[in-house]
Amino acid sequence: MTSAVLHRTTDVHHRTANVAGRSVFYREAGPHEAPTIVLLHGFPSSSHMFRGLIPALADEYHVVAPDHLGFGLSDAPAAEEFDYTFDALTDVTEGLLDQLGIDRYVTYVHDYGAPIAWRLALRGPHRIAAIISQNGNAYTDGFVESFWTGVWAYADDPGPATEGAVRAALGLDAIRWQYLNGVPDPTLVSPDTWLHDHAQVNREGNDKIQLRLFRDYPTNVDLYPQVQEYFRRSQVPLLAVWGANDEIFGPDGARAFARDLPDAEIHLLNGGHFLLESELDTVTGYIRGFCGRVLS
């Protein structure tokens, strides 16, 4: 009987919803009456990055993981047909959560998922029960300049002279690097990860979508003072589980949370940007302990 119940609650459903005329793909698992955890993925991935974490949490929590528009299995309208900004991606995510009746939730943020979550928190702070940041940045301290120099140059002056550096981020070697760099045992990371992401971001026309988001990225940095004020004002419970060897968002980005959230729980783990690929069990344990305390 126990195993049958566990099987039902950890089944992962693969669904789509129509949000403002766009098809949004999301993974969902766990009992609907349980506290909700919303998982927001980063570049260049999708909810696929949470394929292990979702069933690991779904026996106790209602877990929802959408693909942002332009990523994964969600619609990817051409850049000429949709205004790809982080504000617009937030609109879609907010619309999905409204449609699903999710009024209060824990948000798990990674990479691009962080600026989307920060916007959601500023729009509706009462909806955020807690934050889990896994290499999801909210401070300039977190930027590893060797990675970001090309992004800043392109955003400041988009054109042939600056586009090459950011376009290279869509290549197979660069995506493989994101998964393997800083991982003590790279054999733990399945090649399916970078092959899946590379195929998705290299669909016809998707390069223009990604370049548009690179150009919009500085708006996220402009938002940081408001986000940090939200932290100070709300004292929202926050857990940072961070790949300490990440050369995109370095460990100083995790440490910085303590400036505005003195009670933040911060763990720097021996891993890279996609920490779940090598430290899934450890991260799951920290999440369970954190949510068990702050949601009780």
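In this chain, numbering begins with 1 at the start of the sequence shown.
The side chain to side chain donor-acceptor pair (under 3.5 Å) test applied to E279 returns T282, not counting sequence neighbours. Partners of D111 by side chain to side chain donor-acceptor pair (under 3.5 Å), not counting sequence neighbours, listed by chain and number: H273. Qualifying side chain to side chain donor-acceptor pair (under 3.5 Å) partners for Y154, counting only residues two or more places apart in sequence or in other chains: R215. R259 meets the side chain to side chain donor-acceptor pair (under 3.5 Å) test with D141; sequence neighbours excluded.
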Test side-chain contact (heavy atoms from CB on, under 4.5 Å) on V92 and E94; report intermediate values, then the result.
CA-CA 5 Å; V92 174; E94 187 175 39; over 6 Å; no
Show, in sequence, the C-alpha distance, side-chain angles and deciding distance for I131 and V106, and conclude whether the side-chain contact (heavy atoms from CB on, under 4.5 Å) test is met.
CA-CA 6 Å; I131 294 169; V106 176; over 6 Å; no
Residue pair F214, F43: steps toward the ring-ring contact (aromatic ring centres under 6.0 Å, His included) verdict:
CA-CA 10 Å; F214 287 146; F43 170 87; 5.5 Å; yes
Intermediate values then yes/no, side chain to side chain donor-acceptor pair (under 3.5 Å), Q134 and Y108:
CA-CA 7 Å; Q134 186 255 295; Y108 179 115; 3.1 Å; yes
Set out, in order, the CA-CA distance, both residues' side-chain angles and the distance that settles side-chain contact (heavy atoms from CB on, under 4.5 Å) for L180 and F274, then state yes or no.
CA-CA 8 Å; L180 297 184; F274 283 100; over 6 Å; no
Start with the C-alpha gap between R15 and F25, add the side-chain angles, then the distance that decides, and say whether side-chain contact (heavy atoms from CB on, under 4.5 Å) holds.
CA-CA 6 Å; R15 309 186 191 278; F25 174 83; over 6 Å; no
Salt bridge (Lys or Arg N to Asp or Glu O under 4.0 Å) evaluation trace for R51 with D192
CA-CA 12 Å; R51 67 200 179 281; D192 295 342; over 6 Å; no
Apply side chain to side chain donor-acceptor pair (under 3.5 Å) to the pair H62 and E28, showing each step before the final yes or no.
CA-CA 7 Å; H62 174 221; E28 184 176 27; 2.7 Å; yes
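R233 has no carboxylate O lying under 4.0 Å from a charged side-chain N of D260, or vice versa, which leaves the two without a salt bridge. Checked for salt-bridge contact, D207 and R212 miss the test: no charged N lies under 4.0 Å from a carboxylate O. Salt-bridge annotation for R288 and D59: present, with a side-chain N of the basic residue lying under 4.0 Å from a carboxylate O of the acidic one.
Scanning both residues, Q210 and G70, for their nearest heavy atoms gives NE2-O, 3.8 Å. Closest approach of I54 and R27 over heavy atoms only: CD1-CB, 3.7 Å. Closest non-hydrogen pair, L69 versus S23, comes out as CD1-O, 4.2 Å. Taking both residues in full, the closest heavy atoms of R232 and P225 are given as NH2-O, 4.5 Å, listed atom of the first, atom of the second, then distance. Among all heavy-atom pairs drawn from F82 and P77, the shortest one is CB-CG, 3.7 Å. Residues T10 and P55 approach most closely at CG2-O, 3.7 Å, considering heavy atoms.
A continuous path of hydrophobic side-chain contacts links V12 to L276 [ILVMFWY only; heavy atoms under 4.5 Å]. F86 and L122 fall within a single hydrophobic cluster, where Ile, Leu, Val, Met, Phe, Trp and Tyr are joined by side-chain heavy atoms under 4.5 Å apart, directly or via other members.
Side-chain contact between I37 and Y105: absent, with no pair of heavy atoms (C-beta onward) separated by less than 4.5 Å. Inter-residue side-chain proximity for L213 and F71 is flagged as met; some heavy-atom pair is nearer than 4.5 Å. With contacts defined as side-chain heavy-atom distances shorter than 4.5 Å, the pair N202/N206 does not qualify. By the 4.5 Å heavy-atom criterion applied to side chains, R255 and L268 are counted as neighbours. By the 4.5 Å heavy-atom criterion applied to side chains, V183 and E277 are not counted as neighbours. The shortest side-chain heavy-atom distance between Y230 and V236 falls under the 4.5 Å cut-off. C291 has its side chain within reach of I132: a pair of non-hydrogen atoms, C-beta onward, lies under 4.5 Å apart. Under the 4.5 Å side-chain criterion, counting only non-hydrogen atoms from C-beta, Y179 is in contact with D197.
For residues 63-75, the side chain to side chain donor-acceptor pair (under 3.5 Å) pairs, not counting sequence neighbours, are S47-D67.
Interatomic distance, L211 CG to R167 CZ, rounded to the nearest 0.5 Å: 5.0 Å. Of the inter-residue distances, the one linking Q226 atom CD with F231 atom CZ reads 12.0 Å to the nearest 0.5 angstrom. Taking CD of Q178 as the reference point, atom CG of N135 lies at 11.0 Å (rounded to 0.5 Å). Taking CD1 of I175 as the start and OG1 of T193 as the end, the distance is 10.0 Å to the nearest 0.5 Å. Summarising the geometry, atom CG belonging to L275 is positioned 9.5 Å from atom CG belonging to L280; distances are rounded to the nearest 0.5 Å. With rounding to the nearest 0.5 angstrom, the CG atom of L239 is 8.5 Å from the OG atom of S133.
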Output a table of donor-acceptor pairs, distance under 3.5 Å, between side-chain atoms of residues 112-121 and any protein atom two or more places apart or on a different chain; print 'none' if there are none.
| residue | atom | partner | partner atom | Å |
| --- | --- | --- | --- | --- |
| W118 | NE1 | N137 | O | 2.9 |
| R119 | NE | D87 | OD1 | 2.7 |
| R119 | NH1 | P115 | O | 3.2 |
| R119 | NH1 | N220 | OD1 | 2.7 |
| R119 | NH2 | T219 | OG1 | 3.2 |
| R119 | NH2 | N220 | OD1 | 3.2 |

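Between W148 and W152, the angle of the ring planes stays under 30°, which puts this pair in the parallel group of the 30/60° scheme.
Using a distance-only test at 3.5 Å, with no hydrogens or angles considered, no donor-acceptor pair links the side chain of R176 to the main chain of N181. Remark: side-chain polar atoms of R293 are paired, donor with acceptor, to backbone N or O of G289 under 3.5 angstrom. Using a distance-only test at 3.5 Å, with no hydrogens or angles considered, a donor-acceptor pair links the side chain of N245 to the main chain of G182.
Side chains of H198 and Q200: a donor-acceptor N/O pair is absent below 3.5 angstrom, by distance only.
With ring centers used as reference points, H41 lies 6.0 Å or more from H110. A ring-centre distance under 6.0 Å is not found for F249 and W242.
Shown here is E145, whose CD atom has more than 12 heavy atoms of other residues, nucleotides or ligands within 6.0 Å.
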